[in-house]
2 protein chains.
Amino acid sequence: MAVSPQDPGGGVARAEKLRAAGLKATAPRLTILEALETDRRHPSAEMIFESLIDKSPSLSLSTVYQTLETFLQRGLLRRIAGAGGKLRVDGTLQDHDHAVCRTCGAVFDVDPDLIKRPRPPASLPHGLQVKNLFVEYEVLCSDCASDE
Amino acid sequence: MAVSPQDPGGGVARAEKLRAAGLKATAPRLTILEALETDRRHPSAEMIFESLIDKSPSLSLSTVYQTLETFLQRGLLRRIAGAGGKLRVDGTLQDHDHAVCRTCGAVFDVDPDLIKRPRPPASLPHGLQVKNLFVEYEVLCSDCASDE
DNA sequence: TTAGTAAATAGGAATTATTCGCATTTAGAA
DNA sequence: TTCTAAATGCGAATAATTCCTATTTACTAA
């Protein structure tokens, strides 16, 4: 989210982004959206909640879950399969790919220009509308490689 | 898994596959592996357990969880982020890609030849060893598209 | 402005998914 | 065969996610 002198912190732009997605620009959503834009940890719902609870003491964990689900449905967020299959999200805006460690499930961001990117077809069989295309690398991270 | 006249059902080949991966060829593993090879539902641990409990009444759910984790680590299985981030797996052998519905989380198999497949680099920054590369489509399935 | 209204939130309880601990069993090596 | 590390089954424990509902809030239109 660009931050201009007229919009320190980017709050106005974020509110517009929410409204453009057909959502009310509520305080919890603005806070969560901001957190997501800057959090590079591929956080879980709990991690987001923890990172915000001091600034927003009335925020509830179930609101975080609900909000993530809403954002996912509007394409404001990517879902990642973390270790044990638990929910992790990625709310950073720029296109990038993910590498997931086969053994420990750790997720790493990968520069999308490392490979020649396929052009996505507009639609797929079964009437699937393509919204985005990402590359996922199945990897062995250095920690896990040394255990083998 | 190929089935030859000498190995009806493919059990011997499966046992070899397990041993090749450094694992003991136990009865639960053979059963689970067979189920995974044929189950196209992108099943959860529970779904696999349910599909086997009649034939293998002594099988336990925690063994299914453990076995899936083991198979994942040996690359016998792919992990998928299902709806709500719950664990789903794909144990079908052939290369293929996945389309995941943004809204409901449904997973569809996609023919890998639909696009020009990028050649994976052998390694990535941070000492990541690349084992595999898949394409993931973020889509809207026809059910969810009609709700919008 | 200021109601009116549908949508969103908080909080806790309920449910579901996953992991753990440990006694028993088993595959494969010697 | 016998031995041993690894794997299993079971139930209990924990953790993650969803559900319920009274209250609050953003936006709409008068």
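Note that the coordinates shown come from a computational prediction; the quantities given were computed from them, not determined experimentally. Naming: A, B, ... by sequence-line order, numbering from 1 per chain.
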Exercise. A/K24 has an atom NZ; how far is it from atom P of D/dT24, in whole Å?
Worked result: 15 Å

For this session: Take B/A25 and B/L61, find for each the nucleotide of DNA chain C with the closest heavy atom, and name the residue whose nucleotide sits nearer the 5' end.
Result: B/L61

For this session: Please determine if a side-chain N or O atom of B/Y65 lies less than 4.0 Å away from the OP1 or OP2 oxygen of C/dT19.
Result: no

For this session: Output yes when a side-chain donor or acceptor of B/N132 lies under 3.5 Å from a complementary backbone atom of A/E138, and no otherwise.
Result: no

Problem set entry | Protein-nucleotide distance (B/Q73, atom CD; D/dA6, atom C1'), rounded to Å | 15 Å

For this session: Report which part of the nucleic acid A/Q66 touches: base, sugar-phosphate, or nothing (heavy-atom distance under 4.0 Å, all strands).
Result: base

Seminar exercise, completed: Looking only at C/dA10, C/dT18, D/dA5, the nucleotide nearest the B/L87 side chain is C/dT18

For this session: Please determine, for the side chain of A/L59, which listed nucleotide (D/dG9, C/dA10, C/dT18) has the closest atom?
Result: C/dA10

Exercise. Checking all strands, does A/A45 fall into the base, sugar-phosphate, or nothing category for heavy-atom contacts under 4.0 angstrom?
Worked result: nothing

Seminar exercise, completed: Atom CZ of B/R88 and atom P of C/dT16 are separated, to the nearest Å, by 14 Å

For this session: Give one of base, sugar-phosphate or nothing for A/A27, where a contact means two heavy atoms less than 4.0 Å apart.
Result: nothing

Problem set entry | From A/T67 atom OG1 to A/L23 atom CG, the distance as rounded to the nearest 0.5 Å | 9.5 Å

For this session: Compare the minimum distances between each of D/dT8, D/dA26, C/dT9 and the side chain of A/R29, then state the nucleotide with the smallest one.
Result: C/dT9

Exercise. What's the CG-P distance between A/L23 and C/dT9, to the nearest Å?
Worked result: 9 Å

For this session: Rounded to the nearest angstrom, tell me the gap between atom CD1 in B/I48 and atom P in C/dA17.
Result: 13 Å

Problem set entry | Protein-nucleotide distance (A/E69, atom CD; C/dA8, atom P), rounded to Å | 13 Å

For this session: Please examine the side chains of A/Y65 and A/I48, heavy atoms only from C-beta on, and report whether any two atoms are closer than 4.5 Å.
Result: no

For this session: Measure the distance from CG on B/L18 to C1' on C/dT26 and round it to the nearest whole Å.
Result: 15 Å

Exercise. Below 3.5 Å, does any donor atom in the side chain of B/S62 face an acceptor in the base of D/dC10, or the other way round?
Worked result: yes

For this session: May I ask you to decide if A/M47's main-chain N or O and A/S44's side chain share a donor-acceptor pair within less than 3.5 Å?
Result: yes

For this session: Give B/T63 one of three labels, base, sugar-phosphate or nothing, depending on what nucleic acid heavy atoms sit under 4.0 Å from its own.
Result: base

Exercise. Are B/K86 and D/dT18 close enough that a side-chain N or O sits under 4.0 Å from OP1 or OP2?
Worked result: yes

Exercise. If you find the nucleotide of DNA chain D closest to B/S58 and the one closest to A/R19, which residue's nucleotide is nearer the 5' end?
Worked result: B/S58

For this session: Could you tell me whether the phosphate oxygens of D/dT8, OP1 or OP2, come under 4.0 Å of any side-chain nitrogen or oxygen in B/T26?
Result: yes

Seminar exercise, completed: Rounded to whole Å, CG of B/L33 lies from P of D/dT8 at a distance of 12 Å

Exercise. What are the two closest heavy atoms between B/L77 and B/L72, and how far apart are they?
Worked result: O-CD2, 3.6 Å

Problem set entry | Pair B/H98, B/D90: side-chain N/O donor-acceptor within cut-off below 3.5 Å | yes

